[in-house]
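Chain A is the first sequence line, chain B the second, and so forth, proteins listed ahead of strands; every chain is numbered from 1. What you see below is based on every heavy atom in this structure, not just the backbone, and it leaves out hydrogens, waters and symmetry mates.
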Number of protein chains: 2
Amino acid sequence: MSTTGIPAQLGRRRITSRAELEHVAFELFDRQGFEGTTIDDIAVAAGIGRRTFFRYFPSKNDVPWGNFEDELDRMRGWLAACPPQWPLMDAIRLAIVDFNKVPPEDERWHRRRMQLILGVPVLQAHSTLRYAEWRQVIADFVAERTGHPCDGLLPQTVAYAMLGVAIAAYEQWLQDDHGNLSELLDTAMRDLAAAFGDGLPLRVEPGR
Amino acid sequence: MSTTGIPAQLGRRRITSRAELEHVAFELFDRQGFEGTTIDDIAVAAGIGRRTFFRYFPSKNDVPWGNFEDELDRMRGWLAACPPQWPLMDAIRLAIVDFNKVPPEDERWHRRRMQLILGVPVLQAHSTLRYAEWRQVIADFVAERTGHPCDGLLPQTVAYAMLGVAIAAYEQWLQDDHGNLSELLDTAMRDLAAAFGDGLPLRVEPGR
DNA sequence: TGACCTTTGGCACTGAGTGCCTTTAGTGTC
DNA sequence: GACACTAAAGGCACTCAGTGCCAAAGGTCA
């Protein structure tokens with residue numbers, strides 16, 4: 001019998017959660033590396049069956065992704081709410097910066113997560129599939145603003161390019177323990193615009 | 001005994017070639033789909049051992065990639081040879097268009113290849129790893145031209161963005177049996193530049 | 001013929017992911 | 001308390017990709 005107003009869920013209760021499995025798994029990844037950790041390792045460490053693991057995550061590759069869907073909803077909402085008079089690319093730039101804002105207490109965890117996703121080849125590959133949803137959010141926005149179909153060349157091009165910019169900024173962020181992600185994303189977007197704008201406006205430091 | 005001036009190679013002769021395996025595999029992919037084709041299928045069809053397959057390709061995912069390395073060398077050469085007074089992004093645009101020029105007789109094969117790479121999720125994912133080399137060619141060029149380090153934010157951002165543009169153009173090309181790849185690549189690059197240039201210069205057709 | 005070299009491919013193994021089916025831990029009802 | 005009902009858990013067996021090891025095959029040259 002349920003004493004709360006919430007209707008009690010039928011059937012056996014879930015024994016663990018994505019978040020808990022994520023923690024257990026990350027612990028192992030830290031010690032043994034991603035490739036060096038088997039699903040069995042994770043299942044044993046979490047005290048569940050191997051088969052059960054796959055009821056929480058479709059694959060080992062999805063573990064580092066947490067609740068990406070929810071984040072996407074946030075970005076979608078942000079773009080929908082942004083004033084229509086803002087220039088298209090400015091809106092996108094601000095959306096991307098906002099989307100990737102992380103509360104300071106979560107920063108360490110976010111770093112760990114992204115270090116895996118962008119550092120481990122298998123995950124790097126797998127990420128392409130997850131990014132598709134992210135790109136579609138941008139593409140839909142561009143489509144709506146420009147009147148192009150959302151699978152048309154322009155919206156897709158902008159979406160793909162913006163994803164690239166974001167990834168490049170993330171990689172820089174991971175290279176430096178004290179880098180500022182928001183700044184990097186903003187700079188990357190502006191640099192690309194500048195590169196298109198007037199030839200080579202940027203000969204800053206000696207390269208190699 | 002060798003009658004030609006070419007020194008005969010020592011040891012057992014290779015029994016097949018990447019190109020031949022590629023052909024055999026594509027045949028099967030057409031009939032059974034990529035996922036529906038096992039390495040065993042390919043090996044049997046090619047009359048070789050399963051183990052031998054892996055001496056020609058590091059993985060099933062690499063089969064559709066043909067001789068990508070050689071193509072990359074071509075693009076590298078093109079960029080190295082391009083007049084230094086050309087504006088950076090124009091040079092890159094032309095390099096990308098040139099890199100993706102395919103002789104008419106190879107177009108059908110190239111379509112098949114790209115349909116796999118961009119259409120099958122596993123391959124889509126795997127492609128990320130192959131694209132890394134492509135990106136580096138662009139990044140190195142940008143680095144040299146701008147004086148930034150080649151793993152710096154600007155070169156990497158441009159490289160990632162350009163890759164995105166190219167993929168978006170390819171996807172459009174695959175959607176239409178008679179599309180012109182060079183035109184699409186060129187348009188995609190210019191569209192992105194325009195999007196950065198002046199807000200929304202492009203409200204062309206009704207979207208949805 | 002025999003020394004030498006390289007490719008081939010068989011065998012056994014690991015590890016991811018899946019389908020099927022039983023068990024377990026909950027619910028509400030009589 | 002016994003019962004039907006429900007959903008999660010997880011065991012089992014299987015497929016398939018990929019790898020390490022090693023012996024056999026097919027070439028060269030002296």
- Query: Do A:Q136 and A:D140 have a side chain donor and acceptor closer than 3.5 Å?
  - Reply: yes
- Message: Students often mix this up, so state it plainly: with edges at 30° and 60°, are the rings of A:Y131 and A:W65 parallel, tilted or perpendicular?
- Response: perpendicular
- Note on the structure: A:R55 atom CZ is separated from C:dC21 atom C1', nearest whole Å, by 11 Å
- Could you state the CG-C1' distance from A:N61 to C:dA16, rounded to the nearest angstrom? 9 Å
- Query: Sub-3.5 Å donor-acceptor pair from the side chain of B:Q124 to the main-chain atoms of B:I117, do we have one?
  - Reply: no
- Does OP1 or OP2 of D:dG18 have a side-chain N or O of B:R51 closer than 4.0 Å? no
- Task: Kindly indicate whether the side chain of B:R50 and the base of C:dG10 share any N or O donor-acceptor pair separated by less than 3.5 Å?
- Result: no
- Minimum-distance nucleotide (side-chain atoms of A:T52 versus D:dG18, C:dT8, D:dG10): D:dG10
- Task: Before accepting this row, confirm whether a basic side-chain N of the pair B:R76/B:D73 lies closer than 4.0 Å to the acidic partner's carboxylate O.
- Result: yes
- Task: Flag this pair as yes if the NZ/CZ of A:R112 is under 6.0 angstrom from the six-membered ring centre of A:F29 and inside a 45 degree cone about the axis; otherwise no.
- Result: no
- Note on the structure: Rounded to whole Å, the CZ-P distance (B:R13 to C:dT7) equals 13 Å
- Check the distance between C:dG19's P and A:F54's CZ and give it to me in whole angstrom. 12 Å
- Query: Does a nitrogen or oxygen in the side chain of B:Y56 sit under 4.0 Å from OP1 or OP2 of C:dT7?
  - Reply: no
- Message: Rounded to whole Å, how long is the line connecting atom CZ of B:R14 with atom C1' of C:dT6?
- Response: 9 Å
- Quick one: sort the B:W173 and B:Y170 rings into parallel, tilted or perpendicular, breaks at 30° and 60°. perpendicular
- Are A:R18 and A:E22 ion-paired here, with the side-chain N under 4.0 Å from a carboxylate O? no
- Separation of A:F53 atom CZ from C:dA16 atom P, in whole Å? 9 Å
Between protein and nucleic acid, restricted to nucleotides 2-7 of chain D and to nitrogen or oxygen atoms under 3.5 Å apart, what atom pairs and distances do you find?
none

- Task: Could you tell me the separation between the CD1 atom of B:I48 and the P atom of D:dG26, rounded to a whole number of Å?
- Result: 16 Å
- Query: Got a donor-acceptor contact below 3.5 angstrom from the A:N67 side chain to the A:D70 backbone?
  - Reply: no
- Using 4.0 Å as the upper bound for N to carboxylate O, is an ion pair formed by B:R93 and B:D90? yes
- Task: Kindly state which residues belonging to residues 16-46 of chain B come within less than 4.0 angstrom of DNA chain D, counting heavy atoms of the residue only, listed by number.
- Result: B:T37, B:T38, B:I39
